[in-house]
2 protein chains.
Amino acid sequence: MPHKHHTQDIETRIASLLKRSDLSVTESRRKILHLFLEQPGALAHGDIEKKAGEKFDRVTVYRTLQAFVEKGIIHTIPTADNSIRYALCKDDCAGGHHHDHHIHFVCDSCGNTYCLDDVVTPEIKLPKGYTAAHVEVVVEGVCKNCKG
Amino acid sequence: MPHKHHTQDIETRIASLLKRSDLSVTESRRKILHLFLEQPGALAHGDIEKKAGEKFDRVTVYRTLQAFVEKGIIHTIPTADNSIRYALCKDDCAGGHHHDHHIHFVCDSCGNTYCLDDVVTPEIKLPKGYTAAHVEVVVEGVCKNCKG
DNA sequence: ATGCAAAAAGCAACATAGTTGCAAAATATT
DNA sequence: AATATTTTGCAACTATGTTGCTTTTTGCAT
């Protein structure tokens, strides 16, 4: 057993993530962060309200997500169906500086949205006069869990 | 004067576009299509409600946009701010078969969203197990009208 | 541990966005 | 011009998001 910090208690991980972000650790923040950590996909506001049950006020969910985005714990993923999705920033991203260079994948079959952290956004050659500050790529198709 | 069909009356153009799409030409459809034709950018539902003034019921705007999307007259553009934008499909797209291979550009300065019809979406190499059906690229930056 | 200041949660009320069913009006068809 | 069909507009409703304020919880210092 070389190292065991990946066995680290999830609650401890959550608490330290919050503290590192200058957020006081409250029940709603722990709970919502838990939801993100226990599954691989992205979550929309509605998903969280549902999963959290009657536990929190809607306003609390809004404010919590907003705080997480501001602190770089989660990031938003654009959609064409008027429902922002949020996903955990990966370790090297949550550190403070957003990388934001990965693409997003929406599965037509299961409906989940995943960050493909290993797939880097391509260079886009724009027409004369246009300057790119940021490139967002969303690929839609069938994910590896749904294929076959 | 070789050809003059590009001088064609805009109302005639609108009417034929609607007929070609099996839509009866009504005042709201003509008016809303007019809004799209007279400017280069994309429009959100809210923009249309404002630009059309008190002219139409909100419901009519929803239904009109929905019909236009179904018929391939306009297409949606994903955003990260919970506001679907709609843009005219270009000539070769409106013909019936969506091309959908162009990218979208959101200007940080003027806020407009444009279709860059000449910029084709790149090939994205996905991890094993993932299959891509469609790729959506949104570039954010400064457009050619706002630069300098 | 206890008390206190600061932050967050919860509540209520509100504002905006989107949907549905139906009657009235406009459009297409003959 | 008359009628069948489609679309519009209205009303009522659901869902989504926001704001101000009071109560509760958290973090901190004693």
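Below, all heavy atoms of this structure are taken into account, side chains as well, without hydrogens, waters or symmetry copies. Naming convention: chains lettered A, B, ... in sequence-line order (proteins, then strands); numbering from 1 in each chain.
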What is the distance, rounded to the nearest whole Å, between atom [atom1] of [X] and atom [atom2] of [N]?
X: L23(A); N: dA6(C); atom1: CG; atom2: C1'; result: 14 Å
X: K50(A); N: dT16(D); atom1: NZ; atom2: C1'; result: 12 Å
X: K31(B); N: dT8(D); atom1: NZ; atom2: C1'; result: 15 Å
X: E49(A); N: dT16(D); atom1: CD; atom2: C1'; result: 9 Å
X: K19(A); N: dT26(D); atom1: NZ; atom2: P; result: 12 Å
X: D81(A); N: dT19(C); atom1: CG; atom2: P; result: 11 Å
X: D57(A); N: dC21(D); atom1: CG; atom2: P; result: 17 Å
X: L33(A); N: dA8(C); atom1: CG; atom2: C1'; result: 16 Å

| In terms of the angle between their ring planes, are H102(A) and H75(A) parallel, tilted or perpendicular, with boundaries placed at 30° and 60°? |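 Aromatic pair H102(A)/H75(A) classed perpendicular.
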| said: Over 60° means perpendicular and under 30° means parallel, so tell me whether Y62(B) and H45(B) are parallel, tilted or perpendicular. | reply: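 Rings of Y62(B) and H45(B): parallel, as their planes differ by under 30°.
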| Out of dG9(D), dG27(D), dG20(D), which nucleotide sits closest to the side chain of R63(A)? |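 The closest nucleotide is dG20(D).
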| task | Can you figure out which of dT19(C), dA9(C), dT8(D) approaches the side chain of R58(B) most closely? | result |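 In terms of side-chain proximity for R58(B), the closest of dT19(C), dA9(C), dT8(D) is dT19(C).
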| message | Looking only at the aromatic ring of each residue, does the gap between the centers of F68(B) and Y86(B) stay below 6.0 angstrom? | response |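 No - the distance between ring centres of Y86(B) and F68(B) does not fall below the 6.0 Å cut-off.
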| Within the 6.0 Å centroid threshold, strictly below: Y114(B) and H104(B) |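 No - the distance between ring centres of Y114(B) and H104(B) does not fall below the 6.0 Å cut-off.
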| Starting at the 5' end of DNA chain C and moving along, which residue's nearest nucleotide shows up first, Y62(B) or T26(B)? |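 Per heavy-atom nearest nucleotide, the more 5' residue is Y62(B).
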| field | 5′-ward residue of the pair K55(A)/S83(B) relative to DNA chain C | value |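 Its nearest nucleotide lies further toward 5', so the answer is K55(A).
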Phosphate oxygens OP1/OP2 of [N]: is one of them under 4.0 Å from a side-chain N or O of [X]?
X: T60(B); N: dT8(D); result: no
X: S24(A); N: dA7(C); result: no
X: N82(B); N: dA17(C); result: no

| query | About how many Å separate OG1 of T64(B) and CD1 of I32(B), when rounded to the nearest 0.5 Å? | reply |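 The CD1 atom of I32(B) sits 4.0 Å away from the OG1 atom of T64(B).
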| Of Q66(A) and R30(A), whose nearest nucleotide on DNA chain D comes first from the 5' end? |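 On the 5' side of the pair lies Q66(A).
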